[in-house]
Trainee: 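My questions will all concern the structure given below.
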Amino acid sequence: MPLCDSAMSRRHAILALRQSAPVILPSLLKCDFGNLEREVRLLERAGVTALHLDVMDGQFVPNLTYGMPVVAGLRRLTQLPLDVHLMVQDPLRFVDAFYEAGADAITVHGEACDDPKPALDRIRELGAAVGLAVNPGTPLEGILDYLPLCDLILIMSVEAGFGGQAFDSRAVERLRRVRAAREDVVLEVDGGITAETIARCAEAGADLFVVGSAIFDRANYAEAVQELQMRARTSPGRK
Ligand code: DX5
Ligand code: ZN
């Protein structure tokens with residue numbers, strides 16, 4: 001397929017998720033990497049419609065996970081859109097490589113570069129959905145200037161680096177502020193999302209909900225996903 005077609009379908013695959021919000025995206029960090037194909041099939045059968053891939057470099061965050069080979073392996077395993085979260089210092093160095101590996105969305109951290117604009121522009125030029133992430137302690141003003149360059153904003157509700165952390169409730173107001181600043185942006189929240197915390201995030205305007213422990217700590221992934229989806233759908237005042 002010519003790049004332009006695949007480029008169009010990649011970015012569109014992520015933008016289209018918004019139509020079916022609230023969307024639960026399993027975070028591939030706490031899954032069983034020794035049985036990745038089995039895990040992906042279980043998630044597909046659980047009805048998930050995209051996967052969130054947590055790439056960590058041990059420099060921007062004090063943890064190290066996986067890189068392009070695993071993303072490329074997942075691309076061969078599934079048709080699900082791959083939402084790649086780069087917790088990587090100076091991410092511009094790797095944007096092309098993750099696009100080639102099959103990323104449909106590439107999200108970089110504003111805190112990981114002096115100026116995220118070159119990385120955001122390159123992601124757009126390649127044709128993936130353009131994402132910008134911000135940690136709980138980073139002033140939101142720092143990213144609002146970049147909103148026009150982004151398809152997706154990732155509001156972290158934990159400090160990037162590890163699964164299984166407690167939800168940071170500052171994320172709720174931060175979600176509200178981004179939603180108020182741009183109605184059409186794909187708004188994603190990530191970290192400590194559980195049956196107890198998801199409703200507040202949905203009510204604040206989030207579309208995509210990244211979930212690690214609340215799925216992978218459960219024996220039945222389908223039950224976990226359905227329960228989370230139901231909690232998000234029935235939150236009072238969800239937009
Ligand atoms: C943290 C990652 C998150 C995390 C979510 O740096 O970006 O995606 O894995 O895991 P839980 O849902 O367990 O907080
Ligand atoms: Zn993540």
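Each ligand, and each atom within it, is numbered from 1 in the order the structure gives. All values reported here derive from a predicted model rather than from experimental measurement.
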Trainee: For ligand 1, give me the residues whose heavy-atom distance to it is below 4.0 Å, by chain and number please.
Mentor: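 Ligand 1 is contacted, at a heavy-atom distance under 4.0 Å, by Ser27, Leu29, His52, Asp54, Met56, His85, Met87, Met156, Ala160, Gly161, Phe162, Gly163, Gly164, Asp190, Gly191, Gly192, Val210, Val211, Gly212, Ser213.
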Trainee: Within the 4.5 Å heavy-atom criterion, are Ile198 and Ile24 side-chain neighbours or not?
Mentor: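 They are in side-chain contact.
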Trainee: How about Asp104 and Tyr99: does a side-chain donor come under 3.5 Å of a side-chain acceptor?
Mentor: no
Trainee: Please report the C-alpha distance between Glu125 and Arg122 in whole Å, then the side-chain angles of each, then the deciding distance to 0.1 Å, and finally whether the salt bridge (charged side-chain N to carboxylate O under 4.0 Å, His left out) criterion is met.
Mentor: CA-CA 5 Å; Glu125 197 180 346; Arg122 183 58 184 152; 3.3 Å; yes
Trainee: Pro26 and Ala50: which non-hydrogen atoms are nearest, and at how many Å?
Mentor: CD-O, 3.3 Å
Trainee: Going by the rule ring-ring contact (aromatic ring centres under 6.0 Å, His included), which residues pair with His85 if we only count those two or more places apart in sequence or in a different chain?
Mentor: His52, His109
Trainee: Cut-off 3.5 Å, side chains only: do Ser27 and Asp54 have a donor facing an acceptor?
Mentor: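 Side chains of Ser27 and Asp54: pair found under 3.5 Å.
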Trainee: Among residues at least two apart in sequence or on other chains, which ones pass ring-ring contact (aromatic ring centres under 6.0 Å, His included) with Tyr221?
Mentor: Phe216
Trainee: Under a 3.5 Å distance rule, please check whether Arg124 uses its side chain to pair with a backbone N or O of Ala129 as donor and acceptor.
Mentor: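 Side chain of Arg124 to backbone of Ala129, a donor-acceptor pair under 3.5 Å: no, none is there.
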Trainee: Can Asp32 and Arg38 be counted as an ion pair, charged N to O under 4.0 angstrom?
Mentor: yes
Trainee: Taking the Zn ion (ligand 2) as the centre, count the protein N/O/S atoms lying under 2.8 Å from it.
Mentor: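 Excluding waters, the total comes to 4.
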